[in-house]
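Count residues from 1 along the sequence.
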Amino acid sequence: MDLGRAPLPGGWGVSTMCGLVGFVGFADCAPRGTEDTSLKEMTETLACRGPDASTAWAEGTAGLGHTRLATVDLIGGRQPLVLERGGNTVLVVVFTGEVYNHAELREELTARGHRFRTRSDGEVVLRSFDAWGGSAAERLEGMFAYAAWEPGPRRLTLVRDRLGVKPLYCAQVGDGVVLGSEPKAVLAHPAVPARLDLDGMRELLLSSHPMIKTPGRSAFAGLDEVMPGTVSVFTPEGVRTRRYWSLTPAEHCDDLPSTVARVRSLLEESVTRQLRADVPVSVLLSGGLDSSAIAALARPTAETLHTLSVDLGTRASCEDAMGRDPDGPYADLMVRHLGSSHRHVTLGARSLADPVWRARVVQVRDGLTLGDFDTSLLQLFQTVREHFPVTLAGDGADELFGGYRWFTPGAAATGSFPWDAVLGRADLTRLLDPTLAAALDLAAHRADLYSTAVAELDHLPGTSPDEAALRRGSYLNLTRFLPCLLDRADRLSMGVGLEVRVPFLDHHLVEYVFNAPWRFKTFDGREKSLLRAALTGLLPAAILERRKSPYPMIRDPAYRAALTAQVARLLDEGGPAVDLLDTTTVRNLLLEATPENRFPREGLELVLDLDQWLRTHRPTLNL
């Protein structure tokens, strides 16, 4: 079955690189015509993830589809990848993401007798799985998700990268499995209904307010996320899941100077590898420490360094609770320092508050939004994509090196997620119908999530209480907070066909820094001391010493006024969210919407998001 181009000779299927879908039925019979239609519809939901091609393969009771954003081997990198022996299909693979060590693996596999027909990393995944089966995951380095179907033993293997940079979802239905890069793709199959129960509502709310990701969960009942660093194998007998990577404490034997040098070396290696592409690559540059580091490390490799920054107009004052200060002057300083070719993207309140943009963000994310944080990022990514298919970003540095204000022994020892108090979004449930809020009991649910998370982490013998608390805080940030940000970055970037690469999340660097003593990470009394030391001599002093300044938010009063008007109209005209709200509290919220009061803004965005999400997905409510 071909949705786009003709098959390659020799039994190879046509494919793409950045969105995958599929179904597998373990019984011997299936309504072929119906399934072919479902596969096409599932693939079409991911058109934004892969604007360069859309293709599929189907045989018997199995089908796999793919949409491609071509970044490596623009002609030969098409998928699904089909391996035949003796005229029989023995393996079919669909893959998304990037394998940064594909050249090294290709050399090793060639020495083992494998013959390659393309330069793509997708074929490296195919040959790796053929050679090593499920254990191939340990050999791949990068951001990836893939599905491998073996018709002979009727075995489906789903694999996701170590940090979960690339998404993968699945639903077990009847005698089979439906899978896709995003929930919307799985829900496009008629056997997977959209259902929202209490657990799904909890996930929907907490993943955006206050950003806690439950590994393996989605907002839809029966629709699961393949967990990061796992291999899940589905057969007619059932499912087996194996964890091939996790954050594990290990003895750190290097002294401080050696640690600083090692961090610099690992970061240089990561940036260099992630610049590999057959298309132009850019760097997002805010003028902060993290993005400036990526841009500076990319400079020697890039023939022309392309950078981009965003400005939301009205800026926060120095009293802003999140510590924001203007990025513009720092970004300009870095542009002069690097001599980069720079584009400055300016966004305003009108577009950020436009309901059309909110609807698009909700549709792209399959979840609630972070308000103008998400709308502005989607608009920024759209501008980037007009010029570059690939960009590098500084995501993960704060979680890894301890850049947030909640990285203190006190915050880490509170018995709750350390960012709760700083973000302060827990009371948004007061906007919900009281009966629903009581049934959700988000406080108890969040406590259960915390207990489960901290139980996953062991400590080395002799670890001090403060070190244990800070290591625990780091673990929580990397496994519960960061996944929310990675999900956001993936959906918003792939929603416009842009690939975002994240050099700070190279797993070698993550393992090394995670196990460095906390005193190294704050050795000079500041946050991210270890990273600053590793970047000495690379960045201007003003950048190197700049305090943490989060992604900017719009401060134009027109934005808040637009939200207030939209919520008032929703309450007057009605909508699917109204029955789930305490409308009296929401109306009172409209009166609190002053520039000095942060809660109303977040509350207004929650009301609008929830209504839009229900309109978009039309789930059956089991609340």
Side-chain angles (χ1 to χ4, degrees), residues 97-101 137-145 159-167 213 215 227-230 243-254 258-274 289-291 293-294 297 392-404 407 412 418-419 453-454 456-460 467 470-487 489-490 500-518 520-522 527-535:
E98 300 289 345
V99 174
Y100 300 124
N101 65 330
E138 288 92 325
R139 297 173 178 265
L140 305 179
E141 299 181 4
M143 55 177 196
F144 54 84
V159 179
R160 195 166 174 215
D161 67 65
R162 294 165 180 82
L163 275 299
V165 180
K166 284 298 164 185
K213 177 67 178 173
M227 291 177 60
T230 62
R243 192 78 179 263
Y244 72 88
W245 186 88
S246 62
L247 279 173
T248 305
E251 198 71 36
H252 186 86
C253 300
D254 293 342
S258 299
T259 300
V260 170
R262 181 62 175 156
V263 168
R264 173 70 171 262
S265 175
L266 287 170
L267 193 51
E268 287 175 343
E269 292 172 9
S270 179
V271 171
T272 299
R273 291 202 302 177
Q274 296 195 30
L289 181 67
D290 310 334
S291 64
I294 300 300
L297 290 169
L392 271 58
D395 298 50
D398 287 310
E399 291 79 9
L400 184 58
F401 288 94
Y404 297 121
F407 275 104
W419 55 91
V454 298
E456 296 170 357
L457 181 66
D458 294 322
H459 296 286
L460 297 176
E467 180 72 19
L470 288 163
R471 182 69 53 82
R472 182 167 59 247
S474 179
Y475 181 84
L476 293 172
N477 274 269
L478 287 166
T479 64
R480 299 307 194 271
F481 186 80
L482 178 62
C484 296
L485 297 179
L486 293 179
D487 180 78
D490 173 82
V500 174
R501 300 180 181 179
V502 282
F504 280 110
L505 295 182
D506 175 274
H507 78 276
H508 299 293
L509 179 63
V510 171
E511 290 171 347
Y512 187 78
V513 175
F514 177 71
N515 284 301
W518 203 265
F520 285 10
K521 299 174 187 178
T522 57
E527 81 286 355
K528 297 165 79 167
S529 304
L530 185 55
L531 179 59
R532 294 178 196 279
L535 299 174

Find the distance between [atom1] ([X]) and [atom2] ([Y]) and round it off to the nearest 0.5 Å.
| X | Y | atom1 | atom2 | value |
| --- | --- | --- | --- | --- |
| Met143 | Arg501 | CE | CZ | 6.0 Å |
| Thr479 | Glu399 | OG1 | CD | 11.0 Å |
| Glu527 | Phe401 | CD | CZ | 12.5 Å |
| Asp161 | Thr230 | CG | OG1 | 10.0 Å |
| Leu460 | Glu467 | CG | CD | 9.5 Å |
| His252 | Arg262 | NE2 | CZ | 10.5 Å |

[X] to [Y] - nearest heavy-atom pair and separation:
| X | Y | value |
| --- | --- | --- |
| Ala516 | Arg471 | O-NH2, 3.7 Å |
| Leu163 | Leu505 | CD2-O, 4.0 Å |
| Leu486 | Gly164 | CD1-O, 4.2 Å |
| Tyr512 | Thr259 | OH-CA, 3.3 Å |
| Arg532 | Leu289 | CG-CD2, 3.8 Å |
| Lys166 | Gly97 | CG-CA, 4.1 Å |

Exercise. Hey, are Arg264 and Glu268 close enough for a salt bridge, meaning a charged N less than 4.0 Å from a carboxylate O?
Worked result: yes
For this session: Answer yes or no: is there an ion pair linking Arg162 with Glu511, defined by an N-O contact shorter than 4.0 Å?
Result: no
For this session: With sequence neighbours excluded, tell me which residues meet side-chain contact (heavy atoms from CB on, under 4.5 Å) with Ser258.
Result: Asp254, Asp255
Problem set entry | Counterpart residues, side-chain contact (heavy atoms from CB on, under 4.5 Å), relative to Pro228 (two or more places apart) | Arg160
Problem set entry | Qualifying residues under side-chain hydrogen bond (donor to acceptor under 3.5 Å, both in side chains), relative to Asn515, sequence neighbours excluded | none
Exercise. If only atom types and distance count, is the side chain of Asp395 paired as donor or acceptor with the main-chain N or O of Val502 below 3.5 Å?
Worked result: no
For this session: Please lay out, stage by stage, how Phe407 and Thr522 fare under the test side-chain contact (heavy atoms from CB on, under 4.5 Å).
Result: CA-CA 10 Å; Phe407 275 104; Thr522 57; over 6 Å; no
For this session: Quickly, which of Thr248, Leu247, Leu509 forms a side-chain contact (heavy atoms from CB on, under 4.5 Å) with Phe514? Name it, please.
Result: Leu247
Exercise. So do Gln274 and Glu98 actually touch side chain to side chain, heavy atoms under 4.5 Å?
Worked result: no
Problem set entry | Verdict with supporting geometry, Trp419 and Tyr404, ring-ring contact (aromatic ring centres under 6.0 Å, His included) | CA-CA 9 Å; Trp419 55 91; Tyr404 297 121; 8.6 Å; no
